[in-house]
Amino acid sequence: MSWVLENLDTIGELTLVHLALSLPAVVIAFLVSIPLAWVANRIRVLREPLLTGTGLLYAVPSLPLFILLPAVVGTSVRDPLNVVIALSIFGLALMVRSAAEALDAVTDDVRTSATAIGFSGVGRFFTVELPLAGPALLAGVRVVCVSSISLVSVSAVLGVNSLGSLFTDGFARDIIGSILAGIVMTVVLALICDLLLVLAGRLLMPWNKNAAAVRPRLRKRRTQEAAA
């Protein structure tokens with residue numbers, strides 16, 4: 001505990017660096033996954049190859065990817081850009097399928113109704129389909145966010161600063177407080193970011209709260225109708 005109190009500044013700086021590496025990757029994964037999911041749903045013959053292909057990206061071991069990326073993008077091994085790119089790839093592997101299923105859950109009746117009242121294809125997508133798919137998309141983003149915050153720590157093995165540096169330094173110098181601080185802060189950071197996403201979802205998508213309140217009543221009514 002004394003080590004933690006004496007190194008609060010270092011822990012705080014590494015926490016900010018950790019966030020600076022993980023959050024851009026979450027945003028990139030989300031923004032890239034939406035058009036890919038749209039293509040997967042509109043061109044059905046490409047759906048499974050696209051979803052399977054992106055999903056397989058998650059099978060790539062993280063440490064070798066961190067080492068190989070510099071040769072591809074022309075950066076040094078310790079460049080933080082490599083970490084952001086690698087995390088974006090892993091985030092994409094998780095997010096594309098979630099986004100495709102979320103957008104695909106919007107029924108044809110809803111699309112037809114939106115078109116009938118004058119929405120163009122682009123307008124219908126951004127003002128009808130995307131908001132309706134929002135709750136499911138948020139669930140995917142939460143998974144990507146927690147996964148990215150966890151994976152950032154691996155980059156510390158290559159010398160890129162993050163909360164993972166507390167693990168590597170702690171093991172190298174046999175400082176238990178440093179190791180525990182790295183573990184606890186990574187978990188706390190993931191929980192805080194996940195909570196913020198939930199709160200943002202409630203703020204930006206109030207209709208999801210109303211729908212959640214209605215769903216149990218609908219299930220109860222259907223059960224009663226089935227029993228009758």
Side-chain angles (χ1 to χ4, degrees), residues 1-34 57-58 60-70 72-95 98 137-204:
M1 189 65 183
S2 60
W3 184 94
V4 173
L5 294 176
E6 292 169 0
N7 292 274
L8 286 177
D9 291 344
T10 301
I11 295 173
E13 291 173 6
L14 291 175
T15 301
L16 293 178
V17 173
H18 203 96
L19 279 174
L21 291 172
S22 54
L23 294 187
V26 177
V27 174
I28 292 171
F30 174 75
L31 293 178
V32 176
S33 69
I34 296 300
L57 292 173
Y58 205 76
V60 178
S62 56
L63 192 55
L65 184 60
F66 285 136
I67 296 173
L68 288 175
L69 272 176
V72 177
V73 299
T75 56
S76 64
V77 173
R78 295 183 177 180
D79 194 322
L81 180 61
N82 299 325
V83 181
V84 175
I85 294 174
L87 292 176
S88 299
I89 292 172
F90 288 127
L92 202 62
L94 295 173
M95 194 65 213
S98 296
L137 289 171
L138 177 62
V141 172
R142 290 175 62 189
V143 172
V144 172
C145 184
V146 172
S147 172
S148 298
I149 289 174
S150 175
L151 283 173
V152 171
S153 302
V154 178
S155 63
V157 177
L158 301 176
V160 180
N161 282 334
S162 69
L163 286 173
S165 302
L166 296 175
F167 308 151
T168 54
D169 289 347
F171 279 119
R173 298 161 58 192
D174 196 22
I175 304 174
I176 300 300
S178 178
I179 298 171
L180 292 177
I183 295 172
V184 171
M185 283 306 299
T186 302
V187 173
V188 169
L189 197 59
L191 291 175
I192 290 175
C193 288
D194 186 59
L195 178 60
L196 290 175
L197 285 172
V198 171
L199 294 176
R202 290 179 181 176
L203 181 65
L204 297 174

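The line from CD1 of Ile149 to CG of Leu19 is 6.5 Å long, rounded to the nearest 0.5 Å. Between Ser76 atom OG and Asn82 atom CG the span is 6.5 Å, to the nearest 0.5 Å. The CG atom of Leu8 lies 10.0 Å from the OG1 atom of Thr15; values are rounded to the nearest 0.5 Å. Expressed to the nearest 0.5 Å, how far CD of Glu13 lies from CG of Leu163 amounts to 11.5 Å. One finds the CD1 atom of Ile28 at 11.0 Å from the CG atom of Leu23 (value rounded to the nearest 0.5 Å). How far OG of Ser150 is from NE2 of His18: 7.5 Å, rounded to the nearest 0.5 Å.
Of all heavy-atom pairs between Val26 and Val141, the closest is CG1-CG1, 4.0 Å. Scanning both residues, Met95 and Ala29, for their nearest heavy atoms gives CG-O, 4.1 Å. Here the shortest heavy-atom pairing between Phe66 and Ser155 reads CE1-N, 4.0 Å. Listed here is the closest heavy atom pair of Ala156 and Gly164: CB-C, 3.3 Å.
Under the 4.5 Å side-chain criterion, counting only non-hydrogen atoms from C-beta, Asp169 is not in contact with Ile175. With contacts defined as side-chain heavy-atom distances shorter than 4.5 Å, the pair Phe90/Leu57 does not qualify. Side-chain contact between Arg78 and Pro70: absent, with no pair of heavy atoms (C-beta onward) separated by less than 4.5 Å. Looking only at side-chain heavy atoms (C-beta outward), Val32 and Ser88 stay at 4.5 Å or farther from each other.
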Identify each donor-acceptor pair in which a side-chain atom of residues 179-195 lies under 3.5 Å from a protein atom, sequence neighbours left out, and give them as a table.
from   : atom 1 : to     : atom 2 : distance (Å)
Thr186 : OG1    : Gly182 : O      : 2.7
Asp194 : OD1    : Arg142 : NE     : 2.7
Asp194 : OD2    : Arg142 : NH2    : 3.0

*Would Leu138 and Leu197 count as a side-chain contact (heavy atoms from CB on, under 4.5 Å) if you check the C-alpha gap in whole Å, the side-chain angles of each, and the deciding distance to 0.1 Å?*
CA-CA 8 Å; Leu138 177 62; Leu197 285 172; 4.2 Å; yes

*Apply side-chain contact (heavy atoms from CB on, under 4.5 Å) to Leu94 and Tyr58, showing your working.*
CA-CA 7 Å; Leu94 295 173; Tyr58 205 76; 3.7 Å; yes

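In summary, of the residues considered (Leu92, Leu87, Ile85), a side-chain contact (heavy atoms from CB on, under 4.5 Å) with Ile89 occurs for Ile85 alone. With Val152 as reference, Ser162 is the one residue of Pro80, Ser147, Ser162 to meet the side-chain contact (heavy atoms from CB on, under 4.5 Å) rule.
Distance alone, capped at 3.5 Å, places no donor-acceptor pair between the Asn161 side chain and the Leu14 backbone. Between the Ser98 side chain and the Leu137 main chain, no donor and acceptor come within less than 3.5 Å of each other.
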